[in-house]
Amino acid sequence: MEIIAPFQEVIDEIKEKGGDAIKYCYQCGKCDTVCPWNKVRKFSMRKLIREATFGISEIEKEEIWRCTTCGKCPERCPRDVKQIDDMMAIRRMATGYGVFAGPVKPYRTVASGLAGQGNPFNEDRKTRAAWAEGIGVKPFKEDMEYLYFPCCYCSYDPRLKKVAQATAKVLKKAGVSFGILGEKENCCGESIRKTGNEDLFKKLAKENIKAFVDAGVKKILVSSPHCYHTFKNEYPMFKVNFEVVHVSELLPQLIRDGKLKLTGEYARKVTYHDPCYLGRHNGIFDDPRDVLKEVPGLEFTELPEARMDSTCCGMGGGRVWAETEKHERFSNIRVDQAIEVGAKELVTACPYCITALEDSRLVMNHADDIEVKDITEVILEVM
Ligand code: SF4
């Protein structure tokens with residue numbers, strides 16, 4: 001047990017923001033019954049809330065970093081406690097002290113990459129658009145309809161570059177008017193904010209907003225539900241209001257308008273994993289399913305925990321950068337469930353989920369049993 005500090009500072013901050021529902025917690029423990037951590041190890045949100053409410057004691061540092069902000073417990077809480085806001089307030093305090101130990105040690109290097117190069121990998125900002133070379137993607141111009149914002153993972157990660165490329169190819173084939181900002185983009189800042197680094201979030205957001213406004217961006221098309229959530233629900237705090245569209249929302253529209261013709265045969269059994277920040281946080285459940293059901297020959301089956309009940313992949317809340325024991329990864333559960341329902345492909349619509357699920361499939365020796373795909377990769381195959 002390590003001590004960080006009394007929580008009065010946190011309680012004051014939560015109250016200042018009008019979120020004093022923390023004091024209404026009556027310790028029923030319903031949050032713990034739905035928390036995915038309790039599928040892999042013991043963890044108690046109820047206990048953390050008690051500690052924060054009374055400002056009485058100390059807290060194990062590791063516990064304050066566990067919440068993946070999946071959004072399951074706020075849905076279940078009978079007292080309207082804002083668990084995600086409360087965890088972020090606690091983390092802001094820990095970040096203020098520079099406390100990053102154990103599994104969250106990488107947060108320090110991630111923050112320096114984000115501050116210096118605008119991405120968590122500390123990759124050269126100048127290579128941000130390298131994924132788009134040779135496929136005819138143009139720089140954004142004011143007369144284009146969409147700014148396509150692929151996110152850091154789809155810009156730099158070798159597996160996820162394929163998602164950005166598939167998306168660009170699908171958009172081009174459908175005649176969508178879009179361009180990219182390349183090195184002028186920063187990370188949207190969603191995950192670093194969840195780790196409690198509010199100042200860095202604001203810096204990234206303000207630089208992005210300047211780049212968007214300077215370029216005349218009105219509509220932003222995203223691959224990541226984390227970018228979606230941040231641009232749509234958090235950037236308005238800076239008095240801007242861009243129209244934000246997730247690619248899984250645009251695809252059914254393109255199919256309906258006859259711009260996307262799905263002609264190939266996809267004779268595979270497929271299931272869909274709802275990303276927390278697309279589904280539970282933003283209510284997009286039907287669009288990706290509607291698209292998959294349009295694919296000729298595709299046999300669609302649901303996972304046991306779907307839509308609002310979807311189990312988090314484990315990568316939200318900044319955990320994408322934390323070290324998680326191999327046997328404690330939530331994505332292992334999803335891969336198992338997909339295999340149990342007989343699916344040969346586990347499709348999703350989030351770069352973080354793909355990272356986690358690809359990793360689990362390899363760690364669990366299921367590489368030959370199931371494939372993990374982004375929804376755009378399926379569509380590209382049948383166009
Ligand atoms: Fe407290 Fe809500 Fe959790 Fe019950 S579900 S213990 S009221 S935070």
Side-chain angles (χ1 to χ4, degrees), residues 110-168 171-172 176-194 197 199-238 240-247 250 277 320-321 350-352 354-355 374 376:
V110 161
S112 104
L114 287 169
Q117 298 293 340
N119 69 78
F121 316 109
N122 203 22
E123 290 281 349
D124 189 344
R125 171 184 288 282
K126 290 198 170 61
T127 62
R128 193 169 178 108
W131 66 268
E133 280 165 15
I135 53 170
V137 176
K138 296 189 178 130
F140 180 82
K141 293 226 167 54
E142 200 161 359
D143 59 353
M144 291 174 168
E145 187 176 7
Y146 291 101
L147 165 69
Y148 173 49
F149 188 96
C151 98
C152 300
Y153 278 74
C154 292
S155 299
Y156 292 105
D157 180 89
R159 166 67 185 90
L160 292 158
K161 276 184 193 179
K162 291 179 188 164
V163 173
Q165 288 159 350
T167 305
L171 295 176
K172 275 173 71 71
V176 176
S177 156
F178 76 100
I180 58 170
L181 284 178
E183 66 182 85
K184 292 185 201 138
E185 286 174 9
N186 273 332
C187 172
C188 69
E190 188 272 339
S191 296
I192 202 68
R193 189 179 203 196
K194 297 288 174 3
N197 198 335
D199 289 345
L200 185 47
F201 163 69
K202 284 183 179 156
K203 171 185 149 55
L204 294 166
K206 285 178 182 170
E207 288 173 6
N208 271 337
I209 288 167
K210 181 174 182 329
F212 297 164
V213 173
D214 283 352
V217 172
K218 302 278 184 307
K219 291 186 186 178
I220 309 174
L221 181 68
V222 294
S223 286
S224 170
H226 297 267
C227 303
Y228 181 88
H229 183 78
T230 309
F231 293 155
K232 191 175 175 125
N233 305 321
E234 299 186 349
Y235 277 24
M237 73 188 258
F238 302 103
V240 287
N241 227 333
F242 304 104
E243 188 180 333
V244 189
V245 179
H246 187 267
V247 71
L250 182 62
Y277 275 84
V320 66
W321 304 313
C350 171
Y352 285 8
I354 293 176
T355 303
D374 184 78
T376 53

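Reckoned from all heavy atoms, side chains included, excluding hydrogens, waters and symmetry mates. Just so you know, these numbers come straight off a predicted model, no measurement behind them.
Shown here are the side chain to side chain donor-acceptor pair (under 3.5 Å) partners of Asn233, two or more places apart in sequence or in another chain: His229, Asn282. Under the rule for a salt bridge (Lys or Arg N to Asp or Glu O under 4.0 Å), the partners of Arg128 that lie at least two apart in sequence or sit in another chain are Glu185. Take Lys219 and apply the side chain to side chain donor-acceptor pair (under 3.5 Å) test, not counting sequence neighbours, and it matches Glu145. Scored by the side chain to side chain donor-acceptor pair (under 3.5 Å) test, Glu243 finds no partners at all (sequence neighbours excluded). Taking the ring pair (Phe, Tyr, Trp, His ring centres under 6.0 Å) definition, one finds that Tyr146 meets it with nothing, sequence neighbours left out. Take Phe178 and apply the ring pair (Phe, Tyr, Trp, His ring centres under 6.0 Å) test, not counting sequence neighbours, and it matches no residue.
Here the closest heavy-atom approach between residue Asn208 and residue Phe231 is recorded as ND2-CE2, 4.5 Å. A pairwise comparison of heavy atoms in Leu160 and Pro351 identifies CD1-O, 3.6 Å as the closest pair. The two atoms that bring Leu181 and Ala215 nearest to each other are CD2-CB, 3.9 Å, heavy atoms only. The two atoms that bring Ser177 and Met144 nearest to each other are OG-CA, 3.2 Å, heavy atoms only. The minimum heavy-atom distance linking Cys227 with Val222 is given by the pair CB-CG1, 3.9 Å.
Within the 4.5 Å cutoff, the side chain of Leu114 has heavy atoms near those of the Leu204 side chain. Looking at Val163 and Ile354, their side chains come closer than 4.5 Å, going by heavy atoms from C-beta outward. Under the 4.5 Å side-chain criterion, counting only non-hydrogen atoms from C-beta, Ile135 is in contact with Gln165. Counting heavy atoms from C-beta on, the side chains of Thr376 and Val247 come closer than 4.5 Å. By the 4.5 Å heavy-atom criterion applied to side chains, Gln117 and Glu123 are not counted as neighbours. For the pair Phe140 and Ile180, the minimum side-chain heavy-atom distance is 4.5 Å or more. Residues Trp131 and Cys154 have side chains not in contact (no heavy-atom distance under 4.5 Å, counting atoms from C-beta outward). Cys350 has its side chain within reach of His226: a pair of non-hydrogen atoms, C-beta onward, lies under 4.5 Å apart.
With hydrogens and angles left out, the side-chain atoms of Tyr228 and Ser223 include no donor and acceptor closer than 3.5 Å. Residues Tyr235 and Asn241 have side chains that never bring a donor and an acceptor to within less than 3.5 angstrom of each other. Side-chain atoms of Glu207 and Asn186 form a donor-acceptor pair, as typed in the model, at a separation below 3.5 Å.
Atoms CD1 and NZ, on Ile192 and Lys202 in that order, are 14.5 Å from each other to the nearest 0.5 Å. Atom NZ of Lys203 is separated from atom SG of Cys187 by 12.0 Å, given to the nearest 0.5 angstrom. Note that CG of Leu250 and OH of Tyr148 are 11.5 Å apart. Values are rounded to the nearest 0.5 Å. Atom CG of Asn119 and atom OG1 of Thr127 lie 7.5 Å apart (nearest 0.5 Å). Taken from CZ in Arg193 to CD in Glu190, the straight-line distance is 9.5 Å, to the nearest 0.5 Å.
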* **Chi angles and distances behind the ring pair (Phe, Tyr, Trp, His ring centres under 6.0 Å) call for Tyr153, Phe121** => CA-CA 9 Å; Tyr153 278 74; Phe121 316 109; 4.8 Å; yes

* What do the steps show when you test Leu171 against Leu221 for side-chain contact (heavy atoms from CB on, under 4.5 Å), and what is the final call? -> CA-CA 11 Å; Leu171 295 176; Leu221 181 68; 3.6 Å; yes

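Ring geometry for Phe201 against Phe238 counts as tilted: the plane angle lies between 30° and 60°, on a 0 to 90° scale.
Checked against a 6.0 Å centroid threshold, the rings of Tyr277 and Tyr352 do not count as neighbours. For Phe212 and Phe242, the distance between ring centers is under 6.0 angstrom.
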